[in-house]
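Single-structure report; data block below.
These figures come from a predicted structure and were not determined experimentally.
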Amino acid sequence: MSLALALMAMASQWPQDARDVSAWHWTRVADDPVSAPRAEEWRERLFVYQAAGAEAEAWAAAAALERLAPADADGERYAVQLSVWDPARWEPGLDLADDWLARHAERSEAERDGVARARAVLVNRVEARRAVRARQSARAWVPYAALVLGAALATFALRRPR
């Protein structure tokens with residue numbers, strides 16, 4: 001009876017889906033220097049995650065690659081392409097794209113073209129965001145003017161005739 005309970009307890013702790021398997025695997029492998037992923041493996045994972053649309057996993061892989069190989073050309077290139085889809089990272093992505101294009105003139109034309117296209121998208125999005133913020137700040141007086149106008153009209157409507 002206790003063996004059956006022990007087996008059921010173990011089965012309840014076993015991973016149930018792919019994310020659980022991945023998390024279970026990384027808790028056991030991340031600190032192991034022999035089986036820990038190398039920079040080339042992180043590059044491959046980053047490519048796969050980006051192609052699959054798994055942005056959170058791709059950003060985690062980019063961070064791990066940055067820790068293993070700082071200023072890695074492929075890792076930065078993937079980070080630029082990922083930042084196109086994350087509004088919180090548009091400005092840093094644009095800075096990274098400019099920096100990447102300046103530092104990696106020796107890379108292939110296809111890679112440079114991909115970063116240049118991502119940079120163009122980022123420029124458009126950053127400029128659109130700045131234009132929206134400029135319009136918002138230009139119209140910031142409207143609620144206050146409406147409040148003052150409403151108060152003036154209420155004062156005029158509620159005054160007592162003499």
Which heavy atom of Ala69 sits nearest to which heavy atom of Ala39, and what is that distance? CB-CB, 4.3 Å
What are the two closest heavy atoms between Val121 and Val84, and how far apart are they? CG1-CG1, 3.6 Å
Dump the intermediate steps for salt bridge (charged side-chain N to carboxylate O under 4.0 Å, His left out) on Asp74 and Arg107, then the final yes or no. CA-CA 10 Å; Asp74 289 326; Arg107 299 297 288 213; 2.5 Å; yes
Rounded to the nearest 0.5 angstrom, the NE2-CZ distance for His104 and Arg112 is 9.5 Å
Provide the closest heavy-atom pair for Leu68 versus Arg38 in the form atom of the first, atom of the second, distance. CD1-C, 3.9 Å
Correct closest heavy-atom pair for Glu66 and Ala71 would be OE2-N, 3.4 Å
In Å, rounded to the nearest 0.5 Å, how long is the span from CG of Leu122 to CD of Gln81? 10.5 Å
Within-4.5 Å side-chain heavy-atom neighbours: Leu94 and Arg119: yes
Closest heavy-atom contact between Ser83 and Trp59? N-CZ2, 3.7 Å
Verify same cluster id: Trp42, Tyr78 (apolar side-chain graph, 4.5 Å): yes
Could you state the interatomic distance from CD (Glu40) to CG (Asp72), rounded to the nearest 0.5 Å? 8.5 Å
Which residue pairs satisfy the salt bridge (Lys or Arg N to Asp or Glu O under 4.0 Å) criterion with at least one member in residues 78-90, sequence neighbours excluded? Asp86-Arg89
Would you call Arg103 and Glu76 a salt bridge, taking side-chain N to carboxylate O under 4.0 Å as the test? yes
Could you pull out all donor-acceptor pairs under 3.5 Å where a side-chain atom in residues 126-137 meets a protein atom, sequence neighbours excluded?
| unit_1 | atom_1 | unit_2 | atom_2 | d |
| --- | --- | --- | --- | --- |
| Arg129 | NH1 | Pro87 | O | 3.2 |
| Arg129 | NH1 | Glu91 | OE1 | 3.1 |
| Arg129 | NH1 | Glu91 | OE2 | 3.3 |
| Arg129 | NH2 | Pro87 | O | 2.8 |
| Ser137 | OG | Arg133 | O | 3.3 |
| Ser137 | OG | Ala134 | O | 3.0 |

Taking the six-membered ring of Trp85 as reference, does the cationic atom of Arg125 (NZ for Lys, CZ for Arg) lie under 6.0 Å from its centre and within 45° of its axis? yes
State, yes or no, whether a side-chain contact exists between Leu46 and Leu82 at a heavy-atom distance under 4.5 Å. yes
Contact summary for Ala73 and Trp100, nearest pair of heavy atoms: O-NE1, 2.9 Å
